[in-house]
Number of protein chains: 2
Amino acid sequence: MSATIKDVARLAGVSKSTVSRVLSNSGKYSQEAKEKVMQAAKELNYTSNAIARAMVTKQTGNIGFLIHHRHEPVLSHPFYSQLLSAVVETATVYNHGVLVFTDRDIQKCIENFQAQRVDGVILASRMTRDILERFSAANIPVVLVNHSVKVENASYVKNDDYGGAYDAVYYLLKQGHRRIGLICDPDERQRYEAYRQALHHHGVAYDEALVYFTDAKVEQGKQGARYFLGQSRLPSAIFAANDMTAIGVIKELKANGIQVPHDVSVVGFDDIEFASLYEPALTTVKVDKTLIGELAVRQLLRHINSESRNEDLGEEITLPASLVVREST
Amino acid sequence: MSATIKDVARLAGVSKSTVSRVLSNSGKYSQEAKEKVMQAAKELNYTSNAIARAMVTKQTGNIGFLIHHRHEPVLSHPFYSQLLSAVVETATVYNHGVLVFTDRDIQKCIENFQAQRVDGVILASRMTRDILERFSAANIPVVLVNHSVKVENASYVKNDDYGGAYDAVYYLLKQGHRRIGLICDPDERQRYEAYRQALHHHGVAYDEALVYFTDAKVEQGKQGARYFLGQSRLPSAIFAANDMTAIGVIKELKANGIQVPHDVSVVGFDDIEFASLYEPALTTVKVDKTLIGELAVRQLLRHINSESRNEDLGEEITLPASLVVREST
DNA sequence: CTGAAAGCGCTTACAG
DNA sequence: CTGAAAGCGCTTACAG
């Protein structure tokens with residue numbers, strides 16, 4: 001179908017070896033050879049075959065992106081779509097493609113990545129230790145995003161969840177709030193801990209009844225709001241540790257005639273694009289999804305390009321999170 | 001590194017051919033051979049090498065997803081992220097990976113797709129005819145999403161933009177509106193035409209001053225609102241032919257003390273997740289992004305799997321669009 | 001039903 | 001600087 005290196009060689013009157021050298025710009029070749037090859041390649045409309053190259057170099061030039069959340073696809077979640085967008089753009093800059101899989105069956109995803117021989121993968125979902133070990137066994141470099149299961153020789157790019165959450169709660173405290181509700185994904189330990197500590201440091205007793213664990217979705221936020229609505233006394237502020245949840249909370253409160261921020265203050269987490277668009281605009285913890293994505297691929301590429309030495313390249317980058325005060329508090 | 005078919009063959013005491021047959025479940029093999037091979041494969045932790053297979057079968061099992069918009073990445077736009085999500089999920093079901101590229105340089109993307117030998121690609125962006133012809137020349141099947149440049153042997157999955165937009169304007173007309181503004185991406189010819197026709201069919205003169213062409217973004221929506229605000233008389237309704245634009249319009253109107261829908265009605269287009277979350281919840285034209293994504297990969301797979309015959313498989317699927325009336329009108 | 005052999009399109013030592 | 005040859009890990013006729 002499409003021309004191969006062999007066709008080019010024949011037309012240029014040189015060997016395949018020479019063609020390969022000039023096309024990949026490696027090794028030595030004469031200016032004359034180069035011209036003939038280039039000319040022939042253009043004439044034949046030659047495009048390189050990454051598959052065949054990968055066969056020998058063991059590098060496909062593709063990185064994998066894996067995402068799932070409790071067996072549900074979340075690729076369209078604003079947080080992840082922005083992350084993926086940054087990943088794809090950065091990878092493209094470095095001439096890498098990104099291969100995406102989401103599947104309820106995570107084992108199948110791993111197999112696919114292995115079969116496709118990706119050079120490395122970015123894990124954007126919560127993974128268990130044994131899953132990480134499979135990657136390690138398969139000798140596939142990984143970098144984990146916003147993740148805390150430690151495993152050797154993996155890199156981490158994360159947001160300062162603890163700091164961000166602490167700031168959020170501290171801010172609420174400073175505003176005079178003492179009854180502060182928390183709605184949090186049970187996997188977000190850092191945010192939960194920060195909430196506890198901030199309270200503790202400021203002499204506010206921790207009240208279990210003020211904490212509601214649930215998924216990071218709008219509907220779950222509504223549920224959380226209902227949970228608080230069911231209590232004899234409403235918290236004066238709610239830290240919904242995710243913007244989608246925060247929006248659900250506000251909507252449900254409004255539906256029950258409760259004004260935000262007049263009656264209850266709400267702060268979210270993530271600063272998705274919609275946070276500033278919503279009304280009231282969300283006070284939230286800003287997470288730099290674009291930078292996270294960018295650093296994740298950079299870090300991964302570093303692993304990939306230094307496979308030779310078996311040193312532990314595991315590095316951990318934590319990006320600062322900052323509170324953005326808007327209208328919901 | 002990882003075990004190959006050869007290792008499995010040795011351990012199982014059969015030939016590579018036999019291993020290949022049982023592993024890919026093709027051709028004939030005895031039950032006995034199967035057991036030995038399976039056992040050996042498991043023991044060695046064998047995973048197939050899709051690259052090597054692609055080398056001979058000429059099928060990588062990957063499809064490409066290309067997106068860009070006037071040289072800007074839009075992967076994180078809610079419309080496209082939902083589309084991609086559906087594409088990835090559907091592809092996964094059919095055991096295909098999806099390789100994503102976004103680049104300002106679209107030629108480079110095409111080269112990458114060719115080099116990676118994707119089996120086909122889904123084009124989610126506006127493409128010019130010559131770009132489509134490159135795919136055709138490279139013999140890569142394509143399916144275009146929401147796209148109108150016709151090219152032979154390509155399939156189209158689109159939304160009934162014309163019908164949806166017509167319904168939206170008709171609805172506004174029925175509500176008694178006569179001065180209806182339009183804010184529209186210049187590439188969305190169908191929406192524009194539907195606007196004109198609906199007006200025409202109902203005896204309302206077309207007024208060029210009521211039409212503002214711009215990009216489908218929040219900021220551009222604000223600009224559009226300002227444009228109308230600058231006129232001596234505000235339209236009584238604005239059809240912002242994209243939800244992001246519609247939100248921008250509403251925000252800007254509000255900022256100027258104008259109530260939606262009390263003073264001005266606004267209808268959007270797309271029904272992104274945020275449309276129903278925003279306040280006022282957007283009246284908009286619902287586009288089934290998930291179904292579009294699903295049908296696009298199904299259609300593409302059909303092309304891929306019937307490459308033998310050279311018949312024109314170009315098919316065009318148009319999905320109905322329906323108006324969803326909420327609070328902004 | 002099974003195995004030996006060729007071949008997919010490249011890259012990379014190895015000689016020259 | 002250049003070419004012949006081996007080999008990457010598979011699949012697929014072809015014999016048997």
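The figures here come from the full heavy-atom set of this structure, side chains too, leaving out hydrogens, waters and symmetry mates. Naming: A, B, ... by sequence-line order, numbering from 1 per chain.
- Side chain R117(A) to base dG9(D): no donor-acceptor pair is found below 3.5 Å.
- Which of dT11(C), dT2(C), dC10(D) sits closest to the side chain of Y29(B) comes down to dT2(C).
- When rounded to the nearest whole Å, the span between CZ of R21(B) and C1' of dA5(C) equals 13 Å.
- Taking every heavy atom of residues 40-53 of chain A and every atom of DNA chain C, pairs under 4.0 Å involve Y46(A), N49(A), A52(A), R53(A), by number.
- Using a 4.0 Å heavy-atom cutoff across all strands shown, A33(A) reaches sugar-phosphate atoms only and no base atom.
- For T18(B), no side-chain nitrogen or oxygen approaches OP1 or OP2 of dT2(C) to under 4.0 Å.
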Donor-acceptor pairs under 3.5 angstrom involving side-chain atoms of residues 47-54 of chain A: please list them, not counting sequence neighbours.
residue: T47(A); atom: OG1; partner: Q114(B); partner atom: NE2; Å: 3.3
residue: S48(A); atom: OG; partner: R53(A); partner atom: NH2; Å: 3.2
residue: N49(A); atom: OD1; partner: I51(A); partner atom: N; Å: 2.8
residue: N49(A); atom: OD1; partner: A52(A); partner atom: N; Å: 3.0

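- Evaluation of the side chain to side chain contact (heavy atoms under 4.5 Å, CB included) rule for S30(B) yields E32(B), A33(B) as partners, not counting sequence neighbours.
- Between I292(B) atom CD1 and I122(B) atom CD1 the span is 11.5 Å, to the nearest 0.5 Å.
- dA4(D) is unpaired under the criterion used here, namely a Watson-Crick or G-U wobble arrangement in which both key atom distances are under 3.5 Å.
- Residue pairs that meet the ring pair (Phe, Tyr, Trp, His ring centres under 6.0 Å) test with at least one member in residues 93-127 of chain A, sequence neighbours left out, are F101(A)-F113(A).
- When both pairing distances are held under 3.5 Å, dA13(D) makes no Watson-Crick or G-U pair with any nucleotide shown.
- The stretch residues 287-298 of chain B participates, sequence neighbours left out, in these salt bridge (Lys or Arg N to Asp or Glu O under 4.0 Å) pairs: E294(B)-R298(B).
- With sequence neighbours excluded, the residues forming a side chain to side chain contact (heavy atoms under 4.5 Å, CB included) with A9(B) are K16(B), V19(B), listed by chain and number.
- Judged by closest nucleotide on DNA chain C, G13(B) is the one of G13(B) and K16(A) placed further toward the 5' end.
- Contacts of S17(A) with the nucleic acid, taken as non-hydrogen atoms under 4.0 Å apart, include base atoms.
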